[in-house]
Amino acid sequence: MRMIIIALLALAIQAPPASSQGADFSWDGRMEPGSWLYIRNLNGPVRVEAASGDRAEVRAVKREGRRGDPDDVRIEMRNASGGGVIVCAFWSENATCDEDGYRSRRGGDRNRNNDTKVEFTVRLPRGVKLAASTVNGEMRVSGATSQVDASTVNGDVDAMSSGGPVTASTVNGDIDVRMREVGSADLEYTTVNGSITIEVPASLNADLDMRTVNGSLSSDFPITLRGRVNPHSLKATIGDGGRRLKLQTVNGSITLSKAGD
């Protein structure tokens, strides 16, 4: 009996990372503050909210499109460095994803026209950092307490953290970001078709770069201008300066506001 139990434990330890093909995906596990949770999607939204304890939860639901089979879309979880976790949705047999992002090699993939959507719902524990990306879908992050990196291509990004910093990008969509800590690195927010609204602490020190083509610029902060006054391009110093804060769009307005007490 003892030998059977030992053998079963050994099999559990050697079990492969969680994977789902055909069915929807569900995973939960304890994560330490300071570790990273990576969510990589291609077609579908990502929504994040606060967890009630120290266990992260990731749920993914497949929605059938007009072409392709949801059973051909697989979702995998694997461990990342530093106690982190990566969850990826794959439409392509030739794709890979890791901490740095999602990559797909062209050619010979029968599943490339599959338009199945995958909707991610994430519950994020306190102190866990988040890096979430998709291509076609909105990004909604609430309840975060640490660093957030949120991006999409076609969709809005709405991300809030009671810690921070928070970075965000899209191409076709608005960006709305709120944070209570800005860290020490440069911060950048870019879209093409959409407005940008960023809320940061009143104690911010930064070298500001704001640019739009069709839209207005506004700031709650006293600024020291550098160069010529231009209604669509502004370079200025906030406070003592330092880190670069870049906000750039083509079709949309930009607003930089102070966080309330």
Side-chain angles (χ1 to χ4, degrees), residues 36 39 45-50 122 124 129-134 137-227 229-261:
W36 282 91
I39 305 295
V46 178
R47 300 181 180 92
V48 182
E49 58 191 45
V122 179
L124 189 69
K129 302 174 182 179
L130 175 73
S133 62
T134 187
E138 66 177 11
M139 184 73 58
R140 305 284 180 186
V141 180
S142 63
T145 60
S146 187
Q147 187 171 348
V148 173
D149 183 3
S151 66
T152 184
V153 176
N154 298 306
D156 296 338
V157 179
D158 187 335
M160 183 275 290
S161 177
S162 60
V166 178
T167 56
S169 66
T170 184
V171 176
N172 297 304
D174 296 333
I175 293 175
D176 190 346
V177 164
R178 288 140 287 163
M179 72 194 89
R180 293 298 179 268
E181 299 176 12
V182 294
S184 58
D186 294 344
L187 298 172
E188 184 171 348
Y189 308 90
T190 60
T191 183
V192 175
N193 298 305
S195 294
I196 301 174
T197 303
I198 308 296
E199 182 181 281
V200 292
S203 59
L204 176 71
N205 296 300
D207 291 327
L208 180 63
D209 185 350
M210 303 170 72
R211 302 180 189 181
T212 184
V213 176
N214 300 302
S216 60
L217 306 176
S218 65
S219 171
D220 286 350
F221 290 84
I223 58 176
T224 303
L225 289 174
R226 302 196 309 270
V229 176
N230 186 320
H232 299 295
S233 179
L234 183 152
K235 290 189 176 182
T237 301
I238 296 175
D240 297 330
R243 74 173 54 79
R244 186 186 187 196
L245 175 57
K246 183 176 181 180
L247 305 94
Q248 183 171 331
T249 184
V250 175
N251 298 306
S253 297
I254 299 175
T255 301
L256 178 64
S257 62
K258 293 181 183 180
D261 295 334

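All heavy atoms count here, side chains included; hydrogens, waters and symmetry mates do not.
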Legend entry - Partners meeting side chain to side chain contact (heavy atoms under 4.5 Å, CB included) with V192 (sequence neighbours left out): V171, V250
Inset, instruction - Kindly write out the residues that satisfy side chain to side chain contact (heavy atoms under 4.5 Å, CB included) with E181, not counting sequence neighbours, or none if the list is empty. - result: none
From [X] atom [atom1] to [Y] atom [atom2], the distance as rounded to the nearest 0.5 Å:
X    : Y    : atom1 : atom2 : result
M210 : I223 : CE    : CD1   : 8.0 Å
T170 : I175 : OG1   : CD1   : 6.5 Å
L225 : N230 : CG    : CG    : 11.0 Å
S146 : L130 : OG    : CG    : 9.5 Å

Inset, instruction - Give the C-alpha distance, both sets of side-chain angles, the deciding distance and a yes or no for side-chain contact (heavy atoms from CB on, under 4.5 Å) between E188 and Q248. - result: CA-CA 8 Å; E188 184 171 348; Q248 183 171 331; 5.9 Å; no
Inset, instruction - May I have the step-by-step check of salt bridge (charged side-chain N to carboxylate O under 4.0 Å, His left out) for R140 and E138, ending in yes or no? - result: CA-CA 7 Å; R140 305 284 180 186; E138 66 177 11; 3.1 Å; yes
Inset, instruction - Dump the intermediate steps for side-chain contact (heavy atoms from CB on, under 4.5 Å) on T237 and L208, then the final yes or no. - result: CA-CA 6 Å; T237 301; L208 180 63; over 6 Å; no
Legend entry - side-chain contact (heavy atoms from CB on, under 4.5 Å) assessment of L245 paired with D207: CA-CA 6 Å; L245 175 57; D207 291 327; over 6 Å; no
Inset, instruction - Begin with the C-alpha distance, continue with both residues' side-chain angles, and end with the deciding distance and a verdict on side-chain contact (heavy atoms from CB on, under 4.5 Å) for V182 and L187. - result: CA-CA 8 Å; V182 294; L187 298 172; 4.1 Å; yes
Let me check something: any side-chain donor-acceptor pairs from residues 194-204 under 3.5 Å, sequence neighbours excluded? List them with distances.
from: S195; atom 1: OG; to: S253; atom 2: N; distance (Å): 3.1
from: E199; atom 1: OE2; to: R180; atom 2: NH1; distance (Å): 3.1
from: E199; atom 1: OE2; to: R180; atom 2: NH2; distance (Å): 3.4

